[in-house]
Protein chains: 2
Amino acid sequence: MELSRRGDYAVRAMLDVATRPADRMTVTKEIALRQDIPPIFLTKIVSSLSQAGLLRTYRGVAGGVALGKPADQISLLQIIEAVDGPIYINRCLIRRGECDRDRTCPAHELWVQAQGELLGLLANKSLADLARRAQELQQAPMAGFAA
Amino acid sequence: MELSRRGDYAVRAMLDVATRPADRMTVTKEIALRQDIPPIFLTKIVSSLSQAGLLRTYRGVAGGVALGKPADQISLLQIIEAVDGPIYINRCLIRRGECDRDRTCPAHELWVQAQGELLGLLANKSLADLARRAQELQQAPMAGFAA
DNA sequence: GGCAAATAGGATATAATTTATCCTTTTATG
DNA sequence: CATAAAAGGATAAATTATATCCTATTTGCC
């Protein structure tokens with residue numbers, strides 16, 4: 001019932017990229033430093049994000065990583081599923097027929113509902129939303145306590 | 001991001017008990033049979049549920065298990081947390097200060113929200129709700145397709 | 001009392017998954 | 001051609017989840 005480290009790292013890494021000046025690339029090692037993520041592990045995560053089209057990567061001396069598409073077209077769900085595969089909150093939701101009780105199990109219905117709400121939330125939150133919010137938080141860390 | 005087997009078993013076992021005649025006890029081994037749960041593993045789960053007060057257990061020849069309180073006073077959240085401990089959907093929510101970015105991390109806010117919705121859903125669904133629904137499903141398995 | 005059937009609980013095994021690193025290769029730049 | 005970056009395969013290390021075994025305790029019944 002807990003997000004994997006990989007998923008958490010992926011979100012933070014994407015947010016890191018999204019909040020840098022868009023015209024300059026950054027480099028995986030620097031993201032790792034800033035976000036306190038094991039560097040070699042992050043290269044794997046970046047690779048998954050790249051394969052999903054969420055990051056674009058460039059090899060070589062002047063290489064690095066940049067967003068693969070506009071931040072408002074990247075959902076949190078996409079990020080997490082890129083590194084962890086499809087989310088399901090119970091085994092019986094992996095695919096229809098996984099559990100032979102589907103039709104008569106009231107718990108099954110509950111999992112369907114809970115999963116729907118969770119995925120909905122993550123699908124409707126974009127990286128752009130988070131980046132915007134990051135800026136607010138940085139400019140007014142004490143928001144709510146202003147004189 | 002997935003419910004443990006233990007949690008799933010716990011919910012199904014509680015539902016099993018709740019849908020039996022209230023005046024007669026059942027026995028762990030039979031629950032395991034009906035619900036297709038590894039019997040010895042289930043004894044551990046029953047033990048946790050008992051310690052949480054959700055089941056009452058009786059030793060000896062005529063022993064068995066029964067609900068520890070009325071089904072409408074048992075939430076799905078209670079059941080799951082009884083066997084899996086407190087739910088948190090990301091490490092940074094284990095306790096305040098777990099992550100030193102709390103104050104400035106926009107992702108943190110998202111996790112708080114997502115967790116709130118998930119826990120709310122589970123806290124508001126009672127075992128009685130599930131039991132009622134179980135009865136409906138059994139009486140009219142093709143509900144929606146009736147002539 | 002003694003047997004049988006049930007839960008209680010500690011210890012431990014087994015398996016699966018997650019997290020992380022290492023090493024080599026490929027690509028690009030200056 | 002040296003350097004800096006990502007790509008990817010193999011593998012190690014750690015953690016967690018799942019499950020079983022064994023012994024003890026409780027209870028009912030003959």
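Here the structure is a predicted model, which is why all the values come from computation and not from measurement. Chain letters run A, B, ... following the sequence lines, proteins first and then strands; every chain starts at 1.
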Nucleotides 16-22 of chain D: which of its N/O atoms have a protein N/O under 3.5 Å away?
| residue | atom | partner | partner atom | Å |
| --- | --- | --- | --- | --- |
| D:dT18 | OP1 | B:Arg5 | N | 2.9 |
| D:dT18 | OP2 | B:Arg5 | N | 3.4 |
| D:dA19 | OP2 | B:Tyr9 | OH | 3.4 |

When the distance from [atom1] of [X] to [atom2] of [N] is rounded to whole Å, what number comes out?
X: B:Leu42; N: C:dA8; atom1: CG; atom2: P; result: 11 Å
X: B:Leu55; N: C:dA6; atom1: CG; atom2: C1'; result: 15 Å
X: A:Ile45; N: C:dT21; atom1: CD1; atom2: P; result: 11 Å
X: B:Met1; N: C:dT17; atom1: CE; atom2: P; result: 18 Å
X: A:Arg56; N: D:dA7; atom1: CZ; atom2: C1'; result: 17 Å

Quiz item: Considering only heavy atoms, which members of residues 25-34 of chain B lie under 4.0 Å from some atom of DNA chain D?
Solution: none
Residues 52-68 of chain A side chain polar contacts: donor-acceptor under 3.5 Å, at least two apart:
none

Quiz item: Quick one: side-chain contact (heavy atoms from CB on, under 4.5 Å) partners of B:Pro39, sequence neighbours excluded?
Solution: B:Ala32
Quiz item: Hey, does A:Ile31 have a side-chain heavy atom less than 4.5 Å from the side chain of A:Val27?
Solution: no
With sequence neighbours left out, write down each residue that passes side chain to side chain donor-acceptor pair (under 3.5 Å) with [X], or none if nothing qualifies.
X: A:Arg101; value: none
X: A:Gln135; value: none
X: B:Arg95; value: B:Glu98
X: A:Gln73; value: none

Quiz item: What pairs of residues pass the side chain to side chain donor-acceptor pair (under 3.5 Å) test when at least one of them lies in residues 37-51 of chain A, not counting sequence neighbours?
Solution: none
Quiz item: Under 4.0 Å between a side-chain N or O of B:Gln51 and OP1 or OP2 of C:dG9?
Solution: yes
Practice problem: Could you tell me whether the phosphate oxygens of D:dG8, OP1 or OP2, come under 4.0 Å of any side-chain nitrogen or oxygen in A:Ser47? | Solution: yes
Interface polar pairs with nucleotides 24-27 of chain C, N/O, under 3.5 angstrom:
| residue | atom | partner | partner atom | Å |
| --- | --- | --- | --- | --- |
| C:dT26 | O2 | A:Arg59 | NH1 | 3.1 |
| C:dT27 | O4' | A:Arg59 | NH1 | 3.0 |
| C:dT27 | O2 | A:Gly60 | N | 3.3 |

Exercise. Give the nucleotide from the list C:dT7, D:dA6, C:dT29 with an atom nearest to the side chain of A:Thr57.
Key: D:dA6
Quiz item: Which pairs, with at least one residue in residues 66-88 of chain A and sequence neighbours excluded, count as a salt bridge (Lys or Arg N to Asp or Glu O under 4.0 Å)?
Solution: A:Arg6-A:Asp84
Quiz item: Which residue pairs satisfy the salt bridge (Lys or Arg N to Asp or Glu O under 4.0 Å) criterion with at least one member in residues 120-129 of chain A, sequence neighbours excluded?
Solution: A:Asp129-A:Arg132
Quiz item: Are the side chain of B:Glu117 and the backbone of B:Ala114 linked by a donor-acceptor contact shorter than 3.5 Å?
Solution: no
